[in-house]
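Report on the following structure.
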Amino acid sequence: MRGDAIELVVRSRTGLARSVVEFELAAPDGSRLPEGTPGAHIDLVLPSGRIRQYSLYPGADPGAWYIAVLRETGGRGGSSELHDEVVPGTRLRALGPRNRFPLHPADDLLFIAGGIGITPLLPMIGEAERRGTRWRLAYGGRSRASMAFLPQLARYGARVTTVPQDEDGPLDLDALFGALPAGALVYCCGPEGLLEAVRQRCRELPPGTLHTERFSAAPEAGPGPDEEAADAAFDVVLARSGRTVRVPAGAPVLQAVREAGVQVLVSCEQGTCGTCETGVLQGVPEHRDSLLTEEERAAGDLMLICVSRSLTPRLVLDL
Ligand code: FES
C-alpha cells in the first residue's frame, strides 16, 4: 500500500445541488488534516472497501477536507454508497492528498468545467486570485439546479460564465478559444466528451497548454502498439521481499503480483486513477495507462501496474 491511510470521520453532509452532496471529513481526534495543493485529490476508502478519487476544495474549516460527490446512475457503486450509507459519524479512511492536476504559473488561465468537474478548479481559482493571475471560468452543466457552487462563484462576476445546457445549450468552445490570449494555460475537468472537444481545440496550440483531469478511461487506453511485448512473458522482482513472479503473455503486472499473494491497493483497474502507482527500480515498463504524462513515461521510474507490462525480460518494482 502506498503510504499510510488517514483515519477520517464524516463531520457533516450537505446537499449542494441536484444529486450532489458535500461531505466534510475530519480527523477523529480533531487534528488538522494535511493540506492539498490546488487540484489535489484523495483516494477515499469507502466502508465496503471500494476506493474512489475525489478532488479537494476549501471549506469553512481549513483543517478539514471537503469533497462533492455526484450520484452517478449506472456507475460502479461508489457514489451511491456515499449518498446512501455515509452519514455524519461514519468512519472512513483515505490516502493522499495527491496532485496530478497541478496549477502552473501563467499570465492567463482559462478554466473549463463540466458538471462536478468544477471541484478541482475551485482551489485553482482561489490560487489564481492570490497570485493575481488573470483567469476566466466557463462552467457548463445539465441544468442550473444540477450545478454546484453557483452561489460561491457569483462573486467573481463576469469572469465566470455559467452555461446550463437546458437554457443555453452546450459550452461555446469556439468563442472561448477564439478569445484565448497567447500563452494562456487551459485547465479542463469534466466528462470525456467535453475533454475530447477541448483537446481538439488545443491541437494547434503550443504543447503544455492543456491540462485535464478525468476519472474514467480515456478512449485511447488499452493495449499499446508493441504486440511482441504483449506476447512475451516476463519476470517481476518484488524488491522489498526479493521474490520473483512470472507475468504471463498479455497479462498486466497486477495479476501476477496478486496471484503471488502480495496486497496492492487498487481502485479503477483501468489505468486511469493512479491508485496502483508503483516505483520501477530496474527495467523498462510498457505503459498502457491513460494517466501518466509523456515526461513520466519517459522517466520510466513509475508505472500503473493494473494495466501495464514490461518491455524488458525483467522488471524490478518497489513492492
Ligand atoms: Fe487505477 Fe491502477 S488502479 S490506475
Side-chain angles (χ1 to χ4, degrees), residues 1-6 36 39-46 48-56 67 69 72 75-79 81-82 92-102 116-117 119-120 189 191-192 195 211-224 229-230 234 236 238 245 247-248 250-281 283-311 315 317-319:
M1 182 180 282
R2 170 176 40 77
D4 289 330
I6 296 173
H41 71 271
I42 54 170
D43 293 289
L44 190 64
V45 186
L46 307 187
S48 63
R50 292 179 174 108
I51 300 173
R52 296 290 182 268
Q53 292 71 44
Y54 294 101
S55 298
L56 298 177
I67 61 169
V69 180
E72 290 183 58
R76 293 181 298 140
S79 67
E81 184 178 346
L82 274 157
L92 299 169
R93 289 180 305 135
L95 288 169
R98 291 190 295 149
N99 197 344
R100 300 204 61 90
F101 194 38
I116 198 66
T119 53
C189 186
E192 182 54 37
L195 296 180
H211 301 264
T212 60
E213 174 97 308
R214 83 173 152 258
F215 290 136
S216 57
E220 66 267 28
F234 59 91
V236 166
L238 309 175
V245 298
V247 182
V253 167
L254 175 67
Q255 182 181 318
V257 167
R258 259 187 184 153
E259 283 169 9
V262 177
Q263 273 213 328
V264 182
L265 195 68
V266 296
S267 177
C268 71
E269 298 194 40
Q270 298 176 60
T272 60
C273 74
T275 302
C276 67
E277 185 179 283
T278 301
V280 179
L281 305 175
V284 182
E286 184 212 352
H287 298 290
R288 295 178 167 212
D289 64 274
S290 50
L291 186 72
L292 296 181
T293 63
E294 285 311 314
E295 293 76 27
E296 287 169 326
R297 283 163 203 268
D301 56 355
L302 284 178
M303 69 186 294
L304 302 183
I305 62 170
C306 67
V307 289
S308 295
R309 290 178 38 84
S310 180
L311 290 172
L315 268 187
L317 298 183
D318 186 15
L319 273 178

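Small disclaimer: the values here were computed from a predicted structure and weren't measured. Positions are given from 1, in the same order as the sequence printed here. Every number for a ligand or one of its atoms is a count from 1 in the order of the listing.
Which parts of ligand 1 touch Thr272 is read off a 4.0 Å heavy-atom cut-off, strictly below it: atoms 4 (S). Less than 4.0 angstrom separates some heavy atom of Cys306 from each of these atoms of ligand 1: 2 (Fe), 3 (S), 4 (S). With ligand atoms numbered from 1 in the order given, ligand 1 contributes 3 (S) to contacts under 4.0 Å with heavy atoms of Ser267. Within ligand 1, the atoms closer than 4.0 Å to a non-hydrogen atom of Gly271 are 4 (S), numbered from 1 in the order shown. Counting the atoms of ligand 1 from 1 in the order shown, those under 4.0 Å from a heavy atom of Cys273 are 1 (Fe), 3 (S), 4 (S).
Side-chain contact check for Arg100 versus Gln53: every heavy-atom pair is 4.5 Å or farther apart. Asn99 has its side chain within reach of Phe101: a pair of non-hydrogen atoms, C-beta onward, lies under 4.5 Å apart. Two residues are said to be in side-chain contact when any heavy atoms from C-beta on lie closer than 4.5 Å; Arg258 and Val266 meet this criterion. No side-chain heavy atom of Thr278 sits less than 4.5 Å from a side-chain heavy atom of Val257. For the pair Pro285/Ser308, no side-chain contact is recorded, criterion being any heavy-atom separation below 4.5 Å from C-beta on. The shortest side-chain heavy-atom distance between Glu277 and Arg98 falls under the 4.5 Å cut-off. Side-chain atoms of Asp289 and Arg297, non-hydrogen and from C-beta on, do get closer than 4.5 Å to each other.
Residue Cys276: an N/O/S atom is found under 2.8 Å from atom 2 (Fe) of ligand 1. For atom 2 (Fe) of ligand 1, the N/O/S atoms of Cys268 include none lying under 2.8 Å.
Ranking protein heavy atoms by distance to atom 4 (S) of ligand 1, first place goes to Gly274 N, 3.2 Å.
Neither the backbone nor the side chain of Glu277 has any atom closer than 4.0 Å to an atom of ligand 1 (non-hydrogen atoms only).
Residue contacts with ligand 1: Asp289 is excluded, as none of its non-hydrogen atoms falls under 4.0 Å.
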